[in-house]
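Some notes on the structure that comes next.
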Amino acid sequence: MAQQDSDQQQSVAFVDDVTDAKEREAAHRERGTSRPITVVGNPVLHKECKDVTEFDDELAQLIDDMFASQRTAEGVGLAANQIGVDLKVFVYDCPDDEGVRHVGAVCNPVLDELPAARRVLDDSNEGCLSVPGAYAELPRPDYAVVRGQNAQGEPIVVEGTGYFARCLQHETDHLYGYLYIDRLSKRDRKDALKQMAEREPRYPVVPND
């Protein structure tokens with residue numbers, strides 16, 4: 001059974017998230033309503049989200065709202081719990097290291113375990129809309145494959161390299177209750193939170209009680 005499932009997974013081709021990227025993002029955003037961003041400390045960010053089980057108009061509207069919220073915050077990726085919704089879905093509008101724009105949405109994402117030969121680490125700076133104003137170096141593989149479903153519930157596989165690979169890993173982390181600062185040393189995490197405290201967010205956020 002497990003082998004059969006694996007074979008079925010391997011048969012799914014990488015999704016084309018490049019064609020008409022600008023038009024698709026604009027259409028989502030124009031249908032959506034921007035929502036404020038939840039920030040570190042909000043409980044919804046610190047637990048695993050619920051699986052998406054209903055692929056309906058409500059999900060489609062959530063995805064539209066997420067694209068609108070992402071644009072307002074000038075982000076390249078956004079997970080549902082970053083606007084307070086406890087569901088495993090993220091959206092992205094992110095360039096790779098060659099400047100190619102990728103736009104899409106993934107429900108119930110799972111990162112592939114990479115073979116050792118593909119685990120080339122990139123220690124670039126990383127930031128997060130839920131930790132506004134803070135950045136820190138964080139080593140991550142410069143290649144990522146995410147398996148999940150699209151807004152219609154169909155299986156999809158998304159491949160990313162460089163900056164886009166970082167985005168895919170970052171957003172998948174969110175849906176399992178991890179912020180990028182959780183992967184930092186205690187000292188670097190403290191520094192990131194200090195950066196956040198010293199700067200005003202440039203977009204609407206939900207204050208923590």
Side-chain angles (χ1 to χ4, degrees), residues 1-19 21 45-53 55 70 75-82 87-131 135-189 192:
M1 187 68 170
Q3 183 60 48
Q4 181 181 7
D5 289 346
S6 177
D7 290 344
Q8 288 174 346
Q9 282 185 339
Q10 293 300 329
S11 68
V12 179
F14 292 125
V15 69
D16 176 7
D17 57 7
V18 172
T19 302
L45 294 174
H46 302 282
K47 64 175 184 175
E48 181 174 345
C49 293
K50 297 175 182 175
D51 289 344
V52 176
T53 57
F55 297 87
Q70 175 178 255
V76 296
L78 187 74
N81 54 355
Q82 291 185 273
L87 282 176
K88 282 182 184 167
V89 54
F90 72 78
V91 303
Y92 59 88
D93 177 8
C94 185
D96 58 28
D97 284 1
E98 285 69 50
V100 177
R101 184 177 184 180
H102 299 261
V103 170
V106 183
C107 302
N108 304 323
V110 177
L111 281 165
D112 271 11
E113 188 74 29
L114 295 179
R118 296 307 302 264
R119 288 186 59 83
V120 178
L121 295 182
D122 169 21
D123 60 357
S124 297
N125 263 9
E126 189 161 327
C128 178
L129 298 179
S130 292
V131 193
Y135 297 90
E137 289 185 359
L138 177 62
R140 287 193 192 266
D142 68 355
Y143 175 73
V145 174
V146 171
R147 298 177 187 274
Q149 294 161 282
N150 63 17
Q152 292 74 45
E154 300 163 339
I156 57 171
V157 185
V158 183
E159 177 185 41
T161 59
Y163 185 53
F164 182 39
R166 181 175 294 274
C167 174
L168 294 175
Q169 294 168 83
H170 179 111
E171 301 308 329
T172 300
D173 269 358
H174 267 302
L175 300 177
Y176 290 88
Y178 295 99
L179 298 170
Y180 86 98
I181 59 173
D182 296 328
R183 297 190 178 278
L184 301 175
S185 67
K186 289 183 178 180
R187 178 179 178 179
D188 288 345
R189 176 188 169 91

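Here the structure is a predicted model, which means the values were calculated and not measured.
Taken from CZ in Arg166 to CG in Asp96, the straight-line distance is 14.5 Å, to the nearest 0.5 Å. Rounded to the nearest 0.5 angstrom, Asn150 CG and Asp17 CG are separated by 12.0 Å. A distance of 11.0 Å separates OG in Ser185 from CD in Glu137, rounded to the nearest 0.5 Å. Here CG of Leu111 is found 11.0 Å from CZ of Arg147. Values are rounded to the nearest 0.5 Å. Asp93 CG to Leu78 CG: the interatomic distance, rounded to the nearest 0.5 Å, is 11.5 Å. Once rounded to the nearest 0.5 Å, the distance linking CD1 of Ile181 with CD of Glu126 reads 11.0 Å.
Considering only heavy atoms from C-beta on, Leu138 comes within 4.5 Å of Leu184 through its side chain. Side-chain contact between Val158 and Phe164 is present, with at least one heavy-atom pair separated by less than 4.5 Å. At least one side-chain heavy atom of Glu98 sits less than 4.5 Å from a side-chain heavy atom of Thr161. The closest side-chain heavy-atom distance from Phe90 to Thr172 is below 4.5 Å. You'll find the side chain of Leu179 reaches within 4.5 Å of the side chain of His174, heavy atoms only. Under the 4.5 Å side-chain criterion, counting only non-hydrogen atoms from C-beta, Leu87 is not in contact with Cys49. When side chains are defined from C-beta on, His102 counts as touching Val18, because their heavy atoms get closer than 4.5 Å. Pro141 has its side chain out of reach of Val120: every pair of non-hydrogen atoms, C-beta onward, lies at least 4.5 Å apart.
A pairwise comparison of heavy atoms in Tyr180 and Gly127 identifies CE2-C, 3.9 Å as the closest pair. Contact detail for Val76 and Cys94: the closest heavy-atom pair is O-CB, 3.7 Å. When all heavy atoms of His170 and Arg140 are compared, the pair lying nearest together is CA-NH2, 3.9 Å. Nearest heavy-atom pair across Ala105 and Ile156 is O-CD1, 3.7 Å. Nearest heavy atom pair, residue Leu168 against residue Ala144, reads CD1-O, 4.2 Å. Considering all non-hydrogen atoms of both residues, Tyr92 and Cys167 come closest at CB-SG, 4.1 Å.
With respect to Phe55, the side chain to side chain contact (heavy atoms under 4.5 Å, CB included) criterion is satisfied by exactly one of Gln152, Gln149, Glu154: Gln149.
At a threshold of 4.0 Å, the pair Asp182-Arg189 counts as salt-bridged, since one of the basic side-chain nitrogens sits closer than that to a carboxylate oxygen. A salt bridge does not link Arg118 to Asp112: none of the charged side-chain nitrogens sits closer than 4.0 Å to a carboxylate oxygen.
Between the side chain of Gln70 and the main chain of Gly77, a donor-acceptor pair closer than 3.5 Å is present. For the pair Arg183 (side chain) and Tyr178 (backbone), a donor-acceptor distance under 3.5 Å is absent. Using a distance-only test at 3.5 Å, with no hydrogens or angles considered, a donor-acceptor pair links the side chain of Glu171 to the main chain of Ala79.
With no hydrogens or angles considered, a side-chain donor-acceptor pair links Ser124 and Asp122 at under 3.5 Å.
In this structure Gln169 satisfies the side-chain hydrogen bond (donor to acceptor under 3.5 Å, both in side chains) test with no other residue, sequence neighbours excluded.
Within a 6.0 Å sphere centred on OH of Tyr143, heavy atoms belonging to other residues, nucleotides or ligands number more than 12.
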